[in-house]
Amino acid sequence: MMTNQQKIEAVVREHHGRLIAALTGKYADLSLAEDVLQDAMVEALSKWSSEEWPPNPPAWLMTVASRKAIDRIRRQNLHQIKINQLELDAELDRSENRGSPLAGFNEMDIPDQRLQLIFACCHPALAEKNRTALILKVVCGLTTGQIAKAWLVSETTMAQRLVRTKQKVAKAGIPFSVPDTPLLAERLEAVLEVIYLIFNAGYQSSHSTDLIDIDLCEEAIYLGKIVMTLMPDQTEVVGLVALMLFHHARMDARTTEKGDLVTLSEQDRTLWNRDQIATADKILKGALMKGGLGPYQLQAAISAVHCHAATFEETDWRQILLLYHHLESFQADPVVQVNLAVALSFAEGPEQGICYLDNLPDVQKLSQYHPYYIARADMLRRAGDRQSAAAQLEVAISLTDNLVEEEHLKRQLNTLNAEMLG
Amino acid sequence: MQYLLMIYSAEGAGPAPGTPEFGDYMQGYFSFTQEMKDRGLFLAGEPLEEVSTASTVRVRDNKATVTDGPFAETKEVLGGYYLLDCKDLDEALECAAKIPTATHGSIEVRPIMKLPDMPE
């Protein structure tokens, strides 16, 4: 049974992005928006009860927060915020309580300016780590403490980072808008990058989940869905959401109860979330039919092929290889190249995979990328060269900074060594 | 909002005077300045003499000392500036990318600090 406070917090959390965005749109001040929403929540704690719950909670919060904002602007007499006195009065008139302290706000329509807020949070003039922190704070409504834990920094450090980031947004004049066509593609890419970064931070987090009461993967999917709903014609956004859902659907099979990593070939496929895979399928199909193919849709399509294989052995590697070749034409980076080699090794044989990697023109770019050595080790082992495979695994172990993965690789190395002795 | 666009580059990095490239380079500046004026963004903008002509002043214990040249060894030096009145950071960044030196140097874009209005 939730307490009144928990219920109110849940409402605020659910509508956080929308309320902050609308308040920022109105008063052009992100910090003010956060402060007054907090004030409104405090007021809700004293006014709402299970007997008297407002018919439209977000509208109530918006109205009360707006009134608090006007109070603060008046009190601080901030000259730079030029809000016409008449506008202020009209605003107050509209938000005046009529009768019950909980009624009177039902007709209020909160404008959806979450996209503007998301684009502001992901502006390239902000450092990457600041973009992720800010978006989780203001759009997802996470607390500073939660974000600090997820990124393994102290709460004080995170609080300072958030304050400085908000100051930069305000002082540098980062626009609160969705950019026009010439800039849109580039900026949307930055937005998708931030969302995927958050997802991957959740997906690869090496620390015990007991420590964190939030799921960054779910936050990233939530953000992706907002952008997808508000920009339905951007097929790469849809591709990203599908990709995240395909990955997330396999989350439970990725680790044992002890927290050990389980690779794709060994995963118990009955643990995969079939409903989520079906949802991902549906939205990916919708995107592919619209055209405008891009790297996120291709990665989602690759994930889809994996998700539809009944066993690892039955994976359609030819299809996956084809998709990786497409993907390589968009982004010939180490991640894609290593994965392409793996697909090639299963489709045509481990020697072909090794040969592809050896012939890459810029193979030295892979020298610090540990999945390169993991992939090589696996291909060498399958080709019968256990000695070289073990050497590659040792390099991979020295390069990874993820504890769960390190344990997993060490177990592989032990198995390999045992095989050589036996 | 007002932004100061500071143009940094390593001395001697751009096209050398007298070459045809230098002519194009200067023409680039003339067109950029004209565009800023036509768009109503231009407040000020000038090139600076080379860094060897700089003098540095410090006041310590009420005493001013002057030293020759730049006080820190930096690869890129300030070579000029534009003061623009832009809608937002995106407009300022768009303008900065059009400054000819941006192709071999860098442009630092800084908002001008807004001081509170003085009481009347």
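Within every chain, numbering begins at 1; the chains are lettered A, B, ... in the order of the sequence lines, protein sequences first and strands thereafter. Just so you know, these numbers use all the heavy atoms, side chains as well, and skip hydrogens, waters and symmetry mates.
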Neighbour count above 12 (heavy atom, 6.0 Å) for A:D180 CG
no
Residues passing the ring-ring contact (aromatic ring centres under 6.0 Å, His included) test with A:F199, sequence neighbours excluded, are A:Y203
Closest non-hydrogen atoms of A:A172 and B:P111, given as atom of the first, atom of the second and distance, are CA-CG, 3.7 Å
_Looking at A:Q364, I want to see if its CD is surrounded by more than 12 non-hydrogen atoms of other residues, nucleotides or ligands under 6.0 Å._
yes
Return yes when atom CZ of B:R110 has more than 12 non-hydrogen atoms of other residues, nucleotides or ligands closer than 6.0 Å, and no otherwise. no
Listed by number, the residues in residues 3-29 of chain B that come under 4.5 Å of chain A (heavy atom to heavy atom) are B:Y3
Nearest heavy-atom approach of B:M1 to A:G173 is SD-CA, 3.4 Å
Residues at least two apart in sequence or cross-chain that pass ring-ring contact (aromatic ring centres under 6.0 Å, His included) with B:F32, listed by chain then number, are B:Y82
Within residues 87-102 of chain B, contacts to chain A at heavy-atom distances under 4.5 Å involve B:D88, B:L89, B:D90, B:L93
